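Being a predicted model, the structure only gives us computed values, none of them experimental. A, B, ... follow the sequence lines: proteins, then strands. Residue 1 opens every chain.
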2 protein chains.
Amino acid sequence: MGFSLRDVARSLGVYPSAVYWHVATRDDLLASVVEATMADVAPEPGKLSWQDWLRELFSRCREVIRRHPNVAQLLGGHLVANASLSPGMIDRILSVLVAAGFKNDQIVDMYNVVIATMVGFSTLEFASMPTDDPAGWAAQLQEKVSSIRALEFPTLARYLPAMANRSFIVRWQNGTDAAMDSSFRAYVETAIAGMERALARA
Amino acid sequence: MGFSLRDVARSLGVYPSAVYWHVATRDDLLASVVEATMADVAPEPGKLSWQDWLRELFSRCREVIRRHPNVAQLLGGHLVANASLSPGMIDRILSVLVAAGFKNDQIVDMYNVVIATMVGFSTLEFASMPTDDPAGWAAQLQEKVSSIRALEFPTLARYLPAMANRSFIVRWQNGTDAAMDSSFRAYVETAIAGMERALARA
DNA sequence: ACCTGAACACCGTTCAAGT
DNA sequence: ACCTGAACACCGTTCAAGT
């Protein structure tokens, strides 16, 4: 996790127990961190088409995660952190979906699609490296990748040069050191095109 | 995290240090767990259309996560766990994409879209509850939700009844106790429709 | 080959006591 | 109101020693 209350206390020059005057629990502190970092991800509605509004939302969210990679696993993995996202953001997403023309029985599902899309790719992209020995681990994985048998996995072998360290699973660095810009763009455009289709179908 | 080497040792009736004979490190053990649980997520290629093949892949992955919710945050948040997914799965995904007709310069991006889609929604859906006092936390959040000011957030207030405990952020249980089936379906169909569009555009 | 047993340097959290 | 200081019940990991 790479985060400890005792570290926080240390860098504040204070006893660990002192933290508990300001915060009820460790989860509580983490929730506040997520709340603070994600406060302004949702753009103002009304100025952009719903498609561009979503593009802006997604890339702002990714940008926040890029700057605070430790937030990634909180957002993705902990309900507490997740629940600390602002009602203002939810309200804006919903109103954009309504304005886009989604029907009442689609709104909730599409809202969930938006949230999952917003955090899904980036939490993966900025997943944490092993704390232990990152360099050794990277070398080990790199070797494992290069020893993939072309006979057993022909398609993988063929695309390996293009994929190495630029695609999920087949990489030894995370988004901090090896960003996945073009795939992120593809991901966003795929989601938006899919939503346009859902809109047309209703 | 809810997982400790010492717990493992205890339930094996063995000293904690004994574990280190079989495994190099804690991360190592977790990687093996992920590897084992996710071994058979990828269906056989060739029998289904690429769309149905992906539908099957996505719902199998969700099913595994549903049965082993602790795997969720590993898959989503840790590069080590992520890297332990099988080359066989990667190979199958790639060959399905090739057979679907995606061009060479799209394949890698689309592969990343598939992986992100595969784990994105479900890791969020089955994000872990607070370890501390889940019931108390749920009650507290429920109250916070019901006290949302309708004047400040009109759209949210309007959809709140439909959203409560059935949508991300606005919920106090995770997928284990409150599954999000219809939204997952919408998510999958959105992704597939978006990919069809990417295919048509090329 | 596989495990014991003790030790080390960490955690989050509690609680009485200080100021 | 805010912090100290000690304590408690945990961690992951190492290492010599046993069998």
Requested in this report: Taking N174(A) for its side chain and A127(A) for its backbone only, find out whether a donor-acceptor pair lies under 3.5 Å.
Outcome: yes

Query raised in the report: Heavy atoms under 4.0 Å, any strand shown: does D7(A) hit a base, just sugar-phosphate, or nothing?
Result: sugar-phosphate

Query - Check: N112(B) side chain, S167(A) main-chain N or O, donor-acceptor pair, under 3.5 Å - result: no

Query raised in the report: Below 4.0 angstrom, N of the basic side chain to O of the carboxylate: do R55(A) and E189(A) qualify?
Result: yes

Query raised in the report: Any side-chain N or O of S4(A) under 4.0 Å from OP1/OP2 of dC10(C)?
Result: no

Query raised in the report: Does W172(A) use its side chain to pair, donor to acceptor, with the backbone of A139(A) at less than 3.5 Å?
Result: no

Query raised in the report: Does the distance from a Lys or Arg side-chain N to an Asp or Glu carboxylate O, for R60(A) and E63(A), drop under 4.0 Å?
Result: no

**Report entry** Distance-only donor-acceptor check, side chains D27(A) and T25(A), under 3.5 Å
**Finding:** no

**Report entry** Rounded distance in Å - CG (D27(A)) to P (dG12(C))
**Finding:** 11 Å

Query raised in the report: In residues 10-23 of chain B, which residues come under 4.0 Å of DNA chain D by heavy atom?
Result: R10(B), S17(B), Y20(B)

**Report entry** Secondary-structure notation, DNA chain D, from Watson-Crick and G-U pairs under 3.5 angstrom (| other strand)
**Finding:** ||.|||||...|||||.||

Query - Salt bridge present between K103(A) and D109(A) (N-O < 4.0 angstrom) - result: no

**Report entry** F3(A) and V8(A), any side-chain heavy atoms less than 4.5 Å apart
**Finding:** yes

Requested in this report: Would you mind reading off the distance between R6(A) atom CZ and dG12(C) atom C1', rounded to a whole angstrom?
Outcome: 7 Å

